[in-house]
Structure formats: C-alpha cells, structure tokens
Peer 1: 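The structure's right below; bear with me while I get my questions together.
Quick note: numbers below take in every heavy atom, side chains included, and nothing from hydrogens, waters or symmetry partners. Lettering of chains follows the sequences in order, A, B, ..., and the numbering in each one begins at 1.
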There are 2 protein chains.
Amino acid sequence: MRIGELSERTATPRRLLRYYEEQGLIVPYRCANGYRAYDERFVDRVLQIRGLLDAGLPTRIIKQILPCLDKPRTIHFPDATPQMLATLEGELDRMSERIDCLIRNRDAIAEYLDVVRGTASGAAASAVAASAVSAAAAEGTPAEAALPSAGVCAVPVA
Amino acid sequence: MRIGELSERTATPRRLLRYYEEQGLIVPYRCANGYRAYDERFVDRVLQIRGLLDAGLPTRIIKQILPCLDKPRTIHFPDATPQMLATLEGELDRMSERIDCLIRNRDAIAEYLDVVRGTASGAAASAVAASAVSAAAAEGTPAEAALPSAGVCAVPVA
DNA sequence: CTTGACCTTCACATCAATGTGACCGTTCGA
DNA sequence: TCGAACGGTCACATTGATGTGAAGGTCAAG
C-alpha cells in the first residue's frame with residue numbers, strides 16, 4: 001500500500017509517516033517511481049509507534065526499543081542488549097509513574113465534574129466529595145467542597 | 001517564599017516557574033523589591049500544573065481548568081461555565097484514552113522484559129508469553145515468542 | 001491529452017517546554 | 001564594604017512533534 005492508505009488506516013498524517021521514517025522508525029520499500037510502499041505489517045507498526053510516542057517515549061528511545069518488539073506480536077531475542085533492557089526498565093518505571101499521575105488527575109477532574117453537576121451517580125464520585133457537596137447544597141454553604149489530594153501529582157523525572 | 005525555595009520544593013526549574021507565570025498559570029505576589037512571593041498553596045499548585053502538563057494537557061487548557069480546581073482541595077462552583085465543563089469532559093475522555101494506551105504499552109513492555117529475561121515470576125508475565133518462551137527454549141526454536149496485541153495502541157485524537 | 005488525485009522533496013512555521021546567558025539590582029553574612 | 005547567593009528582565013536558541021505550502025513527477029480515467 002502507499003502512503004495515503006497507510007495514513008488513512010492509521011489515522012496518521014502523511015507528514016508524520018515521513019517523519020517517522022526520517023527518524024528511522026520505519027523503513028518503507030520504494031517502488032520504481034519513488035513512491036513509498038508499505039505492507040500490512042506497517043499498520044501495526046505505526047500504531048505501535050504512535051502508542052509509544054503517546055506514552056511519552058521520544059523517537060530516539062522508540063527506535064531502540066522497536067527492533068525488540070519488532071514484527072508485531074513477535075519478540076526477537078537476539079536484539080536485546082543488556083543496555084537496552086536497562087533502558088526499557090527505566091522507561092517502564094517512568095510509564096508507571098505517568099499512569100498513576102494521569103489517573104490521579106483524571107479522577108480529580110471526574111470528581112470535580114461529578115460534584116459540580118450534582119451527578120453523584122457517577123462511579124468516580126467519591127463519598128467524600130459527594131457528601132461534601134450535598135451537605136453544602138443542603139445548608140446553602142458557599143459552594144465549596146473538599147477535594148482529596150487527587151489532583152496533585154509530581155511529574156516524574158524526565 | 002521566594003522563587004528559589006518554590007523551585008526546590010517542587011523540583012521545578014525557576015525558569016519554568018516564570019514560564020508558567022508567563023502563561024498565566026500562576027500569579028505570584030510581588031514584594032516591594034520586585035521579587036516574586038509565593039505562599040504554601042503554590043507548592044501544590046505547581047505540582048498540579050506539572051501533573052496536568054504531564055497528562056498531556058496544553059497550558060492553554062490548564063489555564064482554563066485550573067480556576068476550577070483552584071485552591072487545592074477546594075472547588076469553586078462559580079467558575080464553572082458550561083463551555084468549560086464541556087472542555088473538561090473532552091479532556092477527561094482524552095485522558096482516559098491516554099491512560100488505557102499507556103497501560104497497554106507499559107504492559108507490553110513489561111511482558112517483553114519478563115519474557116526476554118525468563119523472569120516468569122513477574123506478575124505481568126501472561127501465560128501465553130511465558131509458555132511461548134519456555135516452549136521455544138525447550139525446543140530450541142528460533143527465539144521468538146508470541147506477544148499479545150498489547151503493544152499496539154492507537155493514539156487518541158489530538 | 002488533460003485533469004485530478006496521488007506521490008515526491010524541500011523548507012519554512014509553530015507550539016510547548018526548556019536551556020542559557022547577558023546584564024543588572026538586592027540581601028546578607030564575614 | 002565586599003562578595004556570594006539570590007532575584008529580576010530580556011532575549012535568543014533548541015528540541016520534538018507537528019503543520020503547511022510550494023514546485024514538481026506519476027498515473028488512471030474521461
């Protein structure tokens with residue numbers, strides 16, 4: 001398939017596909033006319049790249065990691081250098097921190113929304129927030145509610 | 001406290017504190033001598049900003065969101081415009097997608113690490129990966145193992 | 001043969017988050 | 001009173017991931 005189709009199938013701007021190539025993340029074949037040619041494998045590959053990028057990994061790291069997670073669904077042991085494994089472990093930790101952080105912030109926002117709209121039915125509405133707001137509403141207190149420290153979250157070391 | 005202390009307590013370069021101010025995310029007081037003065041609340045505030053930034057929210061959005069999650073642990077209802085609630089809901093969804101995406105990728109990497117090091121004890125080592133690798137090792141097959149589609153994850157619309 | 005959709009490269013633009021340095025004022029302790 | 005440590009502004013530089021557009025080649029359908 002050519003770049004247009006891959007672009008559609010991965011919901012990724014052509015520009016980015018070329019960019020990933022520029023960064024050495026993907027290496028498409030070339031037709032006689034110079035057009036880039038991608039096979040099926042590139043669909044997963046690109047999605048994977050996008051996922052890792054979104055995970056906060058820079059292209060530099062992804063490039064190192066990718067040969068290990070190479071052909072989608074297949075692991076190539078020979079590619080794993082100890083150096084790389086260390087990198088991976090580090091990134092793994094950072095990702096976990098990021099996830100925790102995201103979850104805390106998301107929950108804080110969800111809670112805020114629940115509280116602010118009185119949608120106490122929302123699963124995320126914690127007892128404390130829900131009760132706080134209902135109490136406030138009942139008493140006509142200035143509309144403020146206690147929010148757990150959920151929203152506060154230090155950023156992992158970059 | 002002045003910028004140096006806040007910088008230390010939030011592990012945030014002074015430069016960034018000034019940057020956040022420039023972006024309207026924080027508005028410190030000013031001493032007579034022109035020095036910025038921050039009170040305790042700014043510590044949480046800055047950590048929260050860092051968290052939200054790390055969550056992928058642009059400063060532009062954070063600026064809108066922040067007045068709502070304002071004084072840490074307190075919600076100010078008056079600040080919530082319907083427009084803003086919509087924005088928040090949108091971001092909430094995006095954050096959830098991001099979280100799922102991150103988790104999938106993290107697990108994929110964790111799994112890879114487990115498999116590649118034969119550390120089948122790791123909680124994340126799925127039966128399929130573990131068995132695949134042990135089978136491969138037992139038979140002397142080319143060192144490849146089936147990996148679930150975990151690593152592949154489309155990026156949420158930006 | 002022409003048109004339109006697709007492809008190419010090149011190159012400059014943007015945006016957020018940072019780094020860095022110049023240059024100057026303030027505070028404080030030795 | 002001097003210097004170190006800190007503060008201030010200004011401003012330019014960089015990096016990563018993107019957007020965007022110009023100028024031109026390829027190709028299939030009308």
Peer 1: Is a side-chain donor or acceptor of Asn105(B) paired with a backbone partner of Cys101(B) at a separation under 3.5 angstrom?
Peer 2: yes
Peer 1: Could you check which of dG8(D), dC7(C), dA17(D) has an atom nearest any side-chain atom of Arg14(A)?
Peer 2: dC7(C)
Peer 1: Taking side chain to side chain contact (heavy atoms under 4.5 Å, CB included) as the test, write out the residues that go with Arg106(B), two or more places apart.
Peer 2: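 By the side chain to side chain contact (heavy atoms under 4.5 Å, CB included) rule, Arg106(B) matches Leu92(A), Met95(A), Ser96(A), Ile99(A), Ile103(B).
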Peer 1: Could you give the CD1-to-C1' distance, from Ile62(A) to dG16(D), as a whole number of Å?
Peer 2: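 Distance, rounded to whole Å: 11 Å.
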Peer 1: For Met1(A) and dA5(C), what is the distance between atoms CE and P respectively, to the nearest whole Å?
Peer 2: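 That distance rounds to 22 Å.
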Peer 1: Could you tell me whether a side-chain N or O of Ser7(A) sits under 3.5 Å from a main-chain N or O of Thr12(A), the two making a donor and an acceptor?
Peer 2: yes
Peer 1: Can you check whether Tyr20(B) has a side-chain N or O nearer than 4.0 Å to OP1 or OP2 of dT18(C)?
Peer 2: yes
Peer 1: Pick from Asp44(B), Leu47(B), Ile49(B): which one makes a side-chain contact (heavy atoms from CB on, under 4.5 Å) with Thr10(B)?
Peer 2: Leu47(B)
Peer 1: Taking atom types as modelled and ignoring hydrogens, do the side chains of Arg50(B) and Tyr20(B) form a donor-acceptor contact shorter than 3.5 angstrom?
Peer 2: yes
Peer 1: So that I can tick it off, tell me whether Glu5(B) and Arg9(B) are bridged by a salt bridge, with the cut-off set at under 4.0 angstrom between side-chain N and carboxylate O.
Peer 2: yes
Peer 1: Give the rounded distance in Å between these two atoms: CD of Gln23(B) and P of dT18(C).
Peer 2: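 Atom CD in Gln23(B) sits about 11 Å away from atom P in dT18(C).
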Peer 1: Take atom CG of Leu52(A) and atom P of dG16(D), then tell me their distance rounded to the nearest Å.
Peer 2: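 So the two atoms are 17 Å apart, to the nearest Å.
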Peer 1: Heavy atoms only, 4.0 Å cut-off, all strands: where does Pro58(A) land among base, sugar-phosphate and nothing?
Peer 2: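 Contact class for Pro58(A): sugar-phosphate only.
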Peer 1: Starting at CG of Leu17(A) and ending at P of dC7(C), how long is that distance when rounded to a whole Å?
Peer 2: 10 Å
Peer 1: Taking only side-chain N and O atoms of Tyr19(A), does any of them lie within less than 4.0 angstrom of OP1 or OP2 on dT18(D)?
Peer 2: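 No, because none of the side-chain N or O atoms of Tyr19(A) sits under 4.0 Å from OP1 or OP2 of dT18(D).
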Peer 1: With a 4.0 Å cutoff (strictly under), does any side-chain N or O of Arg50(B) reach OP1 or OP2 of dA16(C)?
Peer 2: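 For dA16(C), OP1/OP2 do not have a side-chain N/O of Arg50(B) under 4.0 Å.
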Peer 1: For nucleotides 19-30 of chain D, just jot down a letter per nucleotide in 5' to 3' order: B, S or -, based on protein non-hydrogen atoms under 4.0 Å.
Peer 2: BB----BBS---
Peer 1: Write down the distance between NZ (Lys63(A)) and P (dG16(D)), rounded to a whole number of angstrom.
Peer 2: 12 Å
Peer 1: Which whole-number value in Å describes the distance from Glu22(A) CD to dA11(C) P?
Peer 2: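 After rounding, the gap between these two atoms is 12 Å.
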Peer 1: Do you know which two heavy atoms are closest between Tyr38(B) and Pro28(B), and how far apart they sit?
Peer 2: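 Shortest heavy-atom separation between Tyr38(B) and Pro28(B) comes out as CE2-CB, 3.4 Å.
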Peer 1: Base, sugar-phosphate, or nothing for Arg30(B), non-hydrogen atoms under 4.0 angstrom?
Peer 2: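 Touches sugar-phosphate only.
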Peer 1: Looking at Val27(B) and Phe42(B), what are the two nearest heavy atoms and their distance?
Peer 2: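 Looking at all heavy atoms of both residues, the shortest contact is O-CZ, 3.7 Å.
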Peer 1: Using a strict heavy-atom distance below 4.0 Å, which residues from residues 3-10 of chain B are in contact with DNA chain D?
Peer 2: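 DNA chain D contact set from residues 3-10 of chain B: Ile3(B), Gly4(B).
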Peer 1: Ion pair present between Glu21(A) and Arg14(A), side-chain N to carboxylate O less than 4.0 angstrom?
Peer 2: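 Answer for the salt bridge query: no.
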Peer 1: Please report, rounded to the nearest Å, how far the P atom of dA11(C) is from the CZ atom of Arg18(A).
Peer 2: 15 Å
